[in-house]
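Heavy-atom basis, side chains included; hydrogens, waters and symmetry copies ignored. Chain A is the first sequence line, chain B the second, and so forth, proteins listed ahead of strands; every chain is numbered from 1.
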Amino acid sequence: MEITEGVPPVINLTEVAEREKEEFEKKVSELIIEFGAENLLACMQCGACASICPLARVGFEWYNKKLIKAILIGMKEELLDDPTPWACVACNRCTEICPRQVAPFEVMFAMRRLMVEEFAIPTLAIEGLRSLYEHGHAVYMTGREARKKVGLPENPPSTDSDEKALQDLRTILKNTKLAELGLIPME
Amino acid sequence: MISETVKEEKKLKFGLFLGCNISFNRPDVEQAMRKIFPALGVEIDDLVGQSCCPTWGTVPSIDIVGWCAVAARNLALGEEKGIDLMTACNSCYGSLNEARHKMLKNPEIMSKVNEILAKIGKKYEGKAKCRHVAWVLYKDVGLEKIKESIKYSLDGITVAVQPGCHFLWPSEVYPDKEKDPFNPKVLRELCEALGAEAPYYTKLIDCCGMGALRSTDPEKSFILVREKLECIKEEIDADLIVTTCSSCLIQLDDAQEKLRKEGKINFSIPVLHYVQLLAICMGFDPQQVAGICVTPRDEVIKMILEGGKR
Ligand code: SF4
Ligand code: SF4
């Protein structure tokens, strides 16, 4: 019987989708591994990390366990606009409790690093970097009333009062990825 | 002839790593350390030229080698002098020790870092680490010496302890570890050494909501700090909150005032860093060692100086 005559060759869409998804998935998870989450693939989605994460507690969307799942199934674009990784307090409760040594904190921070590559970086983070480069302190205040009030010299013994040390720190920063990415002016 | 059994007591000396928040926001914590440590026989080196640790939202969010390089320059300042660093900021403690752990675990990172450091004529071998002041007090100085050093005790005073996240986790990277990092005892014992009651409360190890969480979403951050404060009030009705972290100190002190103004809480609990509390008990001027706060401390300080006099 010739029932397929005139019908274009069948493309197995499921198969194509699977293949493309696999490639894409590989890309995101590989990047996350490359950016520091070496044990990403060991996750068994047990949820221990989520049970203890302050971000999950207060209702952030992509907390540790869920973010790992999203990365493993190859999501990326949906994740780039989300602030969750930037809210991670780096407390490492998750790292301590994970039975598979995944270190979910590393996944959160690898996600930050991936977002930085895509320039999805919060303004506050840029300001911190700029301040670090300019003063050697991410948190910096020009007002010194507090120091004077408690009887301390106006300048702490840091890059704030040591020009050579500040130049050294700038040289270091100029030789890191921060300079490659051109996120802040580094004259 | 001098007996051979007489050994000279090993002189304790550390590089005082300040970090940004203590330097600019809470220099009374710095002043407290500058008072208590020499009085307890611990020599302080200023670690001239130190910088931001680097904190989490900066280089650690960009790449690992850069993070380690900035941390290594700070650690090298101690290593050059053959001393460890010590800090009263949990974030600095976490960032510096995690970076060191990465460098020790991964020789490739270590060698890349040293390539960068070579450009400024420095190197880091992984020897110097960063100690936490609370651990230095607990282990190196010791509870007995602390007890002997105080002029005022905290008899009858109940404190709520807040060790803070980076005092505890990930325990793998820290030079000193609690027996059970989910049931910390060190800060409780340090407070008890001053005569205080330091009972357990359900949210003792919960996050204060400071740092990245607060800068990303203050409303969500306030949920955590409010729950914590309410738990402290309801379960143990503490006279005072004592922390070993400068970030927790700022959050619990500062956010508490905001919650009061918004009518979300109707009580006030003063907050001190442990080094400040110890400095007050040792008789140093409260204006210098605990002079900066949002939630008033006068009453509890008065209570300590009047009620607890030995
Ligand atoms: S605790 Fe570890 S294994 Fe379990 S879900 Fe979290 S990362 Fe995966
Ligand atoms: S390190 Fe980040 S992801 Fe892990 S428990 Fe803490 S806030 Fe959550």
Give a yes or no on whether the backbone of Ala279(B) and the side-chain of Lys35(B) come within a donor-acceptor separation of less than 3.5 Å.
no
Indicate yes or no for a side-chain donor-acceptor contact from Glu163(A) to the backbone of Thr159(A) under 3.5 Å, with no hydrogens or angles considered.
no
Side chain, backbone, both or neither: which part of Ile205(B) has a non-hydrogen atom closer than 4.5 Å to chain A?
backbone
Could you look at Asp160(A) and say if it's the side chain, the backbone, both or neither that has a heavy atom under 4.5 Å from chain B?
side chain
With a 4.5 Å cut-off on heavy-atom pairs, point out which of Val65(B), Leu224(B), Asp285(B), Thr55(B) contacts chain A the most.
Leu224(B)
Chain A contact via Val59(B) - side chain, backbone, both or neither, heavy atoms under 4.5 Å:
both
Segment of Val116(A) engaging chain B (4.5 angstrom heavy-atom cut-off):
side chain
Show me the donor-acceptor pairs, under 3.5 Å and distance only, between side chains in residues 176-187 of chain A and residues at least two apart or in other chains.
unit_1: Thr176(A); atom_1: OG1; unit_2: Leu173(A); atom_2: O; d: 2.8
unit_1: Thr176(A); atom_1: OG1; unit_2: Leu178(A); atom_2: N; d: 3.3
unit_1: Lys177(A); atom_1: NZ; unit_2: Glu117(A); atom_2: OE2; d: 2.6

Quick one: are Phe14(B) and Asp45(B) in side-chain contact, heavy atoms under 4.5 Å?
no
Assess, by modelled atom type and distance only, whether the side chains of Thr95(A) and Glu106(A) contain a donor and an acceptor separated by less than 3.5 Å.
no
Can you tell me if Asp81(A) has over 12 outside heavy atoms packed within less than 6.0 Å of its CG?
no
Decide whether His137(A) and Ser158(A) meet the rule of one side-chain donor and one side-chain acceptor closer than 3.5 Å.
yes
Please check: side-chain N/O of Ser131(A) versus main-chain N/O of Glu127(A), any donor-acceptor pairing under 3.5 Å?
no
Thr243(B) side chain to Leu249(B) backbone, donor-acceptor under 3.5 Å
no
What part of Leu213(B) is in contact with chain A, defined as an atom under 4.5 angstrom from a non-hydrogen atom: side chain, backbone, both or neither?
both
Kindly say whether Cys208(B) contributes a backbone atom to a donor-acceptor pair with the side chain of Gln251(B) at under 3.5 angstrom?
yes
Mind checking which of residues 96-105 of chain A sit less than 4.5 Å from chain B, heavy atom to heavy atom?
Glu96(A), Ile97(A), Phe105(A)
Test item: side-chain donor near acceptor, Lys149(A) and Gln288(B), under 3.5 Å:
no
The interface call for Thr58(B) against chain A, heavy-atom contacts under 4.5 Å, is both
Honestly, the part of Ile52(A) sitting under 4.5 Å from a heavy atom of chain B is side chain
Side-chain contact test, heavy atoms from C-beta onward, threshold under 4.5 Å: evaluate it for Trp169(B) versus Phe182(B) and give yes or no.
yes
Is it true that a side-chain atom of Arg297(B) and a backbone atom of Ala290(B) form a donor plus acceptor pair closer than 3.5 Å?
yes
Counting only N and O atoms by type, is there a donor-acceptor contact under 3.5 Å from the side chain of Ser171(B) to the main-chain atoms of Lys177(B)?
no
Can you list the residues of residues 32-50 of chain A that sit under 4.5 Å from chain B, counting heavy atoms only?
Phe35(A), Gly36(A)
May I ask you to name which of Asp28(B), Leu47(B), Ile62(B) has the most heavy-atom pairs under 4.5 Å with chain A?
Ile62(B)
For the aromatic rings, using the six-membered ring if either is Trp, is the centroid distance between Trp67(B) and Trp56(B) under 6.0 Å?
yes
Counting only heavy atoms closer than 4.5 Å, note whether Leu129(A) contacts chain B via side chain, backbone, both or neither.
both
Are there residues of residues 98-111 of chain B that reach to under 4.5 Å of chain A by heavy atoms, and which ones?
Glu98(B), Lys102(B)
Tell me, for Asn92(A) versus chain B, whether the close heavy atoms (under 4.5 Å) come from the side chain, the backbone, both or neither.
both
Okay, Pro170(B) and chain A: the region with an atom under 4.5 Å from a heavy atom over there is both
Shortest non-hydrogen contact from Asn90(B) toward Pro163(B):
ND2-O, 2.9 Å
Under 4.5 Å to a heavy atom of chain B? For Glu154(A) that would be neither
Taking the side chain as C-beta and beyond, is there a heavy-atom pair between Phe109(A) and Cys88(A) under 4.5 Å?
yes
Give the member of Glu30(B), Gln287(B), Glu115(B) that has the highest number of heavy-atom pairs under 4.5 Å with chain A.
Glu30(B)
Cut-off 4.5 Å, heavy atoms of chain B, and the answer for Leu132(A) is side chain
With a cut-off of 6.0 Å (strictly less than), are more than 12 heavy atoms of other residues, nucleotides or ligands near NZ of Lys81(B)?
yes
Region of Pro83(A) that comes under 4.5 Å of a non-hydrogen atom in chain B:
both
Side chain, backbone, both or neither: which part of Arg34(B) has a heavy atom under 4.5 Å from chain A?
side chain
Quick check: does any side chain N or O of Arg147(A) sit under 3.5 Å from a backbone N or O of Phe24(B), one acting as donor and the other as acceptor?
no
Ring center gap for His132(B) and Tyr93(B) short of 6.0 angstrom:
yes
Max heavy-atom pair count under 4.5 Å with chain B, selected residue of Pro54(A), Ala90(A), Ala146(A):
Ala90(A)
Leading residue by heavy atom contact count with chain B [cutoff under 4.5 Å; candidates Thr84(A), Val139(A), Asp162(A)]
Val139(A)
Checking Tyr63(A) side chain against Cys53(A) main chain: does a donor-acceptor pair fall under 3.5 Å?
no
Most heavy-atom pairs under 4.5 angstrom with chain A, which of Pro54(B), Cys20(B), Cys165(B)?
Cys20(B)
For the side chain of Asn74(B) and the backbone of Ser51(B), is there at least one donor-acceptor N/O pair under 3.5 Å apart?
yes
Under a 3.5 Å threshold, yes or no: a donor from one side chain and an acceptor from the other, between Arg112(A) and Ser61(B)?
yes
